[in-house]
Amino acid sequence: MSKSAAKPNGQTPRHIAIIMDGNGRWAAAHGRARHAGHRAGVKAARAVVEASIEAGVDVLTLFAFSSENWSRPTDEVNGLMRLFIEVLQREMDALHDNGIRLRFVGARDQLPTILQKRMADAEARTAGNSRLTLVVAIAYGGRWDVLQAMRRIAAKIEAGELNAGELDEGVIARHLSLAGLPAPDLLIRTGGEYRVSNFLLWDLAYTEVFFCPTLWPDFDLAQLQAALAFFARRQRRFGRTAEQLEVIAD
Ligand code: IPE
Ligand code: IPE
Ligand code: MG
């Protein structure tokens, strides 16, 4: 292997995280209300879940509603909550039959009680599935996640269950929402914005990032394949030099 060529990793990501942005603009472009965009977004999400299983991905994390999205107009927030409740009800059987394990992350006590119940039921029902872990981030913020981890750690220290001196990166990771899962290998953000918008702040430390202008309802299999091809071309160095990686690989 030539020493000058950066060696691509050539792999499929184990964990893909997606910021599904651009639904409102998609609706506007079709002369429809924003809510129609969110409904169209569900279809795109379903297709990506299926394609991820096909591609051999282990974990898919979808950002559905951020801590900051509570600041949207009440009608839009209520419409989104209704949509989550409805979609969970409608898709549950198919998700379970497809061997999908569901996990929700976010400040769930802020959500409507019925949604909280559906989420808990879905998690319990699919707990034994292992084909794909589907993590749905609702009322989620990266800062909220770090804060809730810190609070739980502080409580353990106060209760004498943990020594402050034992606090390290591993302890923090085990208290974050994605505890027990591999960190995302690939982050996709649709909708053309180049920002993280308070998604997984800790977990994205070494994630490859694919930004695309496509509005989320238009994100399809071809787009996912483009993102996978982008990922396969990346050389993941984790701070090392390309030459060091070639020695390790040989
Ligand atoms: C992302 O789409 C989904 C949510 C935040 C719920 P948007 O609703 O942000 O759509 P745009 O970005 O306004 O087009
Ligand atoms: C990020 O999209 C959150 C979700 C996709 C759920 P936003 O539309 O809320 O992001 P900003 O506000 O444009 O950064
Ligand atoms: Mg947006």
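As the structure lists them, so they are numbered: ligands from 1, and atoms in each ligand from 1.
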Expected output: side-chain Asn9 to main-chain Arg236 donor-acceptor under 3.5 Å: no
Contact atoms of ligand 2, heavy-atom distance to Arg195 under 4.0 Å: 11 (P), 13 (O), 14 (O)
Cation over ring face, Arg234 and Phe230, 6.0 Å, 45°: yes
Pair Glu193 + Arg189: basic N to acidic O under 4.0 Å: no
Considering only N, O or S atoms of Asp21, the one closest to the Mg ion (ligand 3): OD1
Closest protein heavy atom (residue, atom, distance) for atom 3 (C) of ligand 1: Asn23 ND2, 3.3 Å
Salt bridge flag under 4.0 Å for residues Arg125 and Asp121: no
Which atom of Cys212 lies closest to which atom of Phe210, heavy atoms considered: CB-CE2, 3.8 Å
Any N/O pair Trp26/ligand 1 closer than 3.5 Å: no
Subset of ligand 2 atoms that lie under 4.0 Å from at least one heavy atom of Ile19: 1 (C), 5 (C)
Asp21 neighbourhood, listing ligand 2 atoms whose heavy-atom distance to it stays under 4.0 Å: 2 (O), 8 (O)
Gly191 heavy atom under 4.0 Å from ligand 1: no
Glu123/Arg118 ion pair, N-O < 4.0 Å: no
Per-atom contact, atom 12 (O) of ligand 2, protein heavy atoms, under 4.0 angstrom: no
Protein residue, atom and distance nearest to atom 10 (O) of ligand 1, heavy-atom basis: Gly24 N, 2.9 Å
Sub-4.0 Å atoms of ligand 2 with respect to non-hydrogen atoms of Phe65: 6 (C)
Metal site the Mg ion (ligand 3): N/O/S of Glu193 inside 2.8 Å: no
Donor-acceptor side-chain pairing of Trp26 and Asp218 below 3.5 angstrom: yes
Per-residue contact class, Glu193 against ligand 1 - non-hydrogen pairs under 4.0 Å: neither
Residue pair His96 / Asn129, side-chain donor-acceptor N/O under 3.5 Å: yes
Any donor-acceptor N/O pair, Gln235 side chain to Pro8 backbone, under 3.5 Å: no
Test item: Asp168 side-chain N/O and Gly170 main-chain N/O as donor-acceptor pair under 3.5 Å: yes
Ligand 2 atoms in contact with Asn69 (distance to a heavy atom under 4.0 Å): 3 (C), 6 (C), 9 (O)
Atoms of ligand 1, numbered as shown, that sit under 4.0 Å from any heavy atom of Met20: 1 (C), 2 (O), 3 (C)
Heavy-atom nearest neighbour in the protein, as seen from atom 14 (O) of ligand 2, with distance rounded to 0.1 Å: Ser197 OG, 2.5 Å
For Arg189, the ligand 2 atoms whose distance to one of its heavy atoms is below 4.0 Å: 2 (O), 10 (O), 11 (P), 13 (O), 14 (O)
Nearest non-hydrogen protein atom, atom 6 (C) of ligand 1: Ala64 O, 3.3 Å
Donor on one side chain, acceptor on other, Asn198 and Ser66, under 3.5 Å: no
Donor-acceptor under 3.5 Å (Thr190 side chain, Asp21 main chain): yes
Numbering as shown, the atoms of ligand 2 that approach Arg72 to under 4.0 Å (heavy-atom distance): 7 (P), 8 (O), 9 (O)
Arg25 neighbourhood, listing ligand 1 atoms whose heavy-atom distance to it stays under 4.0 Å: 11 (P), 12 (O), 14 (O)
Ligand 1 versus Arg34: contacting region, heavy-atom distance under 4.0 Å: side chain
